[in-house]
**Student:** 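This is the structure I have questions about; it appears just below.
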2 protein chains.
Amino acid sequence: MQQLEAIKSYKTFAAGDQIMWRGDALIYVASVVQGVATLSKTMEDGRIQMVGLLMPSDFIGRPDRQTIDFDVVAATDITLCCFARKPFDRLLDTVPHVSQRLMEIALDELDAARDWMVLLGRKTAREKIATFVEMMVRRQHVAGLGLDKQPLVLPLTRDEISNYLGLTLETVSRQLNALKKEGVLRFNDRRRFEVIDMHALHAASGDDADGGVLS
Amino acid sequence: MQQLEAIKSYKTFAAGDQIMWRGDALIYVASVVQGVATLSKTMEDGRIQMVGLLMPSDFIGRPDRQTIDFDVVAATDITLCCFARKPFDRLLDTVPHVSQRLMEIALDELDAARDWMVLLGRKTAREKIATFVEMMVRRQHVAGLGLDKQPLVLPLTRDEISNYLGLTLETVSRQLNALKKEGVLRFNDRRRFEVIDMHALHAASGDDADGGVLS
DNA sequence: CTCATAGCTTGATCTGTATCAAAGAGGAGG
DNA sequence: CCTCCTCTTTGATACAGATCAAGCTATGAG
């Protein structure tokens, strides 16, 4: 792993910056140190679908692939820990443990993508929003913060959320405000919120009871 | 690779048979020799979303994962080439080429899942159907059949297609018949069809011009 | 402090797809 | 050849969410 240390460097981007363009050569791989980035695809006529959300500890890059097929954009100010592609690939060939870890990451992403397919194809607007908020809660807890760290942050605008969930921004706004009115969420400002009724939130998500969220 | 030969066996299933249940221990990995199987997830209340379609040459199984999180069902009669899990895993540790190939497969699936997310989240019913039919054309060509092999087969019922595309069976039926009426497709029976106007089909898919389908 | 602007909310209306309902094939088994 | 039974088609209607259209509210620049 000392070899990895030798080739790493940090890069920062401001909120809104494009980190990589669809079709770009993948000249480095990186992991997110702090901040949030979005992976998204745009159709010819401008319709956008987010296909992933990168948060601290997430990884960008794919062994043996030269390009990526989506845009990567900084949603907030973000710091990446980057490894130049060439030496990283060499490392893969020599250290089996690294490539095993990458396989795990790829399979985790695949599982997440499939869960998202259920959300996009079959869930109602309400269920989509509840699932999204629950995910924000879970991921911000995992990010080393205490279990009762409140308020939490919505790292995306209403418009970005709508592109993640396959909705319009108006529908996102209405559903979020409905959850507020019902006393499930409380907002300090547009970005900062607290979950008042975790049980109701989960019940609204359409997911199996006790997915282990509260454990 | 002789080691792989030594541990393989064939299994067949009839159309409709459940091949693996969600949560099942993954006691073998397999590749599809012939026939089609579906991967799908069912919500508590019965809503179903297909998250993948296995056709000849596709692979089931994931290194280092003990269970799967979706159902695998035979859509047609199907033959699998199976490898017992334990010896297969041992092989992974000793033959790097195999695990590289598995990584490629996982990344291909991830790309496919992300494309499907765009379809589910942003495409209209018409675009979904056109994309699906185009995919059937492409995959049946790849399966070693001549480029002009017609008629082609729809290996799924209208109901199954609706679960793949995030629609209802009625909408699938209507859209398919609309394409027929417009002279884009021709049906011999419910399952066998020909593409009359490939260009119109592609134009209706919502995908970028010339995705290399016709080349 | 004031303005400009990007993001958000809220209301009215429209529409694509779901839902509900019923009847029409096609194939398998007797 | 008839009879189920499953799959499919087709029509009528309902509704969730999109679209269109104002306003509103933070925030950052000047």
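Chain identifiers are assigned alphabetically (A, B, ...) following the order of the sequence lines, protein sequences preceding nucleic acid strands; residue numbering begins at 1 within each chain.
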**Student:** Would you mind telling me which residue lines up with the more 5' stretch of DNA chain C, A:R191 or A:R122, judged by nearest nucleotide?
**Tutor:**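 First, find each residue's nearest nucleotide; the 5'-ward one identifies A:R191.
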**Student:** Any residue in residues 164-179 of chain A with a heavy atom nearer than 4.0 angstrom to DNA chain C? Just list them by number, or reply none.
**Tutor:**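 Nucleic-acid contacts, sorted: A:E170, A:S173, A:R174, A:N177.
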**Student:** Give the table of side-chain donor-acceptor pairs shorter than 3.5 Å for residues 166-174 of chain A, with sequence neighbours excluded, one pair per line with atom names and distance.
**Tutor:**
unit_1: A:T168; atom_1: OG1; unit_2: A:T171; atom_2: N; d: 3.3
unit_1: A:T168; atom_1: OG1; unit_2: A:T171; atom_2: OG1; d: 3.1

**Student:** Taking any atom closer than 4.0 angstrom to a non-hydrogen atom of chain A, what span of DNA chain D does the protein reach, first nucleotide to last?
**Tutor:**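 Range of nucleotides within reach of chain A: D:dG17 to D:dT25.
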**Student:** Hey, mind stepping through B:T76 and B:V153 against side chain to side chain contact (heavy atoms under 4.5 Å, CB included) and telling me if it holds?
**Tutor:** CA-CA 11 Å; B:T76 63; B:V153 173; over 6 Å; no
**Student:** Going 5' to 3' along DNA chain C, which are the first and last nucleotides with any atom under 4.0 Å from a heavy atom of chain A?
**Tutor:**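 First-to-last contact on DNA chain C, by the 4.0 Å heavy-atom rule, is C:dG7 to C:dA12.
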**Student:** Just to verify, what does B:D45 make a salt bridge (Lys or Arg N to Asp or Glu O under 4.0 Å) with, not counting sequence neighbours?
**Tutor:**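 In terms of salt bridge (Lys or Arg N to Asp or Glu O under 4.0 Å), with neighbours along the sequence ignored, B:D45 is linked to B:R47.
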**Student:** Could you pull out all residues at least two apart from A:R126 that satisfy side chain to side chain contact (heavy atoms under 4.5 Å, CB included)?
**Tutor:**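 For A:R126, the residues satisfying side chain to side chain contact (heavy atoms under 4.5 Å, CB included) (neighbours in sequence not counted) are A:T124, A:Q175, A:A178, A:L179, A:E182, A:A204.
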**Student:** Classify the nucleic acid contact of A:R190 as base, sugar-phosphate or nothing, counting any heavy atom under 4.0 Å across all strands shown.
**Tutor:**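 The residue A:R190 makes base contact.
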**Student:** Kindly indicate whether the side chain of A:S31, heavy atoms from C-beta on, has any atom under 4.5 Å from the side chain of A:F59.
**Tutor:**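 A:S31 vs A:F59: side chains touch.
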**Student:** I'd like to check B:I48 versus A:R122 (side-chain heavy atoms, cut-off strictly below 4.5 Å). Are they in contact?
**Tutor:**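 No - every pair of side-chain heavy atoms lies 4.5 Å or more apart.
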**Student:** Could you work out, with salt bridge (Lys or Arg N to Asp or Glu O under 4.0 Å) as the rule, every residue matching A:R158, not counting sequence neighbours?
**Tutor:**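 For A:R158 there are no salt bridge (Lys or Arg N to Asp or Glu O under 4.0 Å) partners, ignoring immediate neighbours.
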**Student:** Do any side-chain atoms of residues 109-120 of chain B form donor-acceptor pairs under 3.5 angstrom with protein atoms, and if so which ones, sequence neighbours left out?
**Tutor:**
unit_1: B:E109; atom_1: OE1; unit_2: A:R114; atom_2: NH2; d: 2.7
unit_1: B:D111; atom_1: OD1; unit_2: A:R62; atom_2: NH1; d: 3.0
unit_1: B:D111; atom_1: OD1; unit_2: A:R62; atom_2: NH2; d: 3.0
unit_1: B:D111; atom_1: OD2; unit_2: A:R62; atom_2: NH1; d: 3.3
unit_1: B:D111; atom_1: OD2; unit_2: A:R65; atom_2: NH1; d: 3.0
unit_1: B:R114; atom_1: NH2; unit_2: A:E109; atom_2: OE1; d: 2.7
unit_1: B:D115; atom_1: OD1; unit_2: A:K41; atom_2: NZ; d: 2.6
unit_1: B:W116; atom_1: NE1; unit_2: B:Y164; atom_2: O; d: 3.0

**Student:** For A:Q34, enumerate each residue passing the side chain to side chain donor-acceptor pair (under 3.5 Å) test, keeping only those at least two apart in sequence or located in another chain.
**Tutor:**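 Partners of A:Q34 under the side chain to side chain donor-acceptor pair (under 3.5 Å) test: none.
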**Student:** Does any non-hydrogen side-chain atom of A:V184 lie less than 4.5 Å from one of A:I196?
**Tutor:**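 Side chain of A:I196 against side chain of A:V184, heavy atoms only: no contact under 4.5 Å found.
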**Student:** Let me spell it out: for each of A:K123 and B:L156, pick the nucleotide of DNA chain D with the closest heavy atom. Which residue's pick is nearer the 5' end?
**Tutor:**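 The residue mapped nearer the 5' terminus is B:L156.
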**Student:** Going by the rule salt bridge (Lys or Arg N to Asp or Glu O under 4.0 Å), which residues pair with B:R192 if we only count those two or more places apart in sequence or in a different chain?
**Tutor:**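 Testing B:R192 for salt bridge (Lys or Arg N to Asp or Glu O under 4.0 Å), a comparison that skips the adjacent residues, returns none.
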**Student:** Identify, with sequence neighbours excluded, every residue that meets salt bridge (Lys or Arg N to Asp or Glu O under 4.0 Å) alongside B:K123.
**Tutor:**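 Scan of B:K123 (salt bridge (Lys or Arg N to Asp or Glu O under 4.0 Å), adjacent residues dropped) gives B:D207.
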**Student:** Between the opening five pairs and the closing five pairs of the helix from C:dC1-D:dG30 to C:dG30-D:dC1, how far apart are the helix axes, to 10°?
**Tutor:**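 So the angle between the two local helix axes works out to 40°.
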**Student:** Give a yes or no on whether a salt bridge exists between A:R139 and A:D58, defined as a side-chain N under 4.0 angstrom from a carboxylate O.
**Tutor:**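 Looking at A:D58 together with A:R139, the answer is yes, because their closest N to O distance falls below 4.0 Å.
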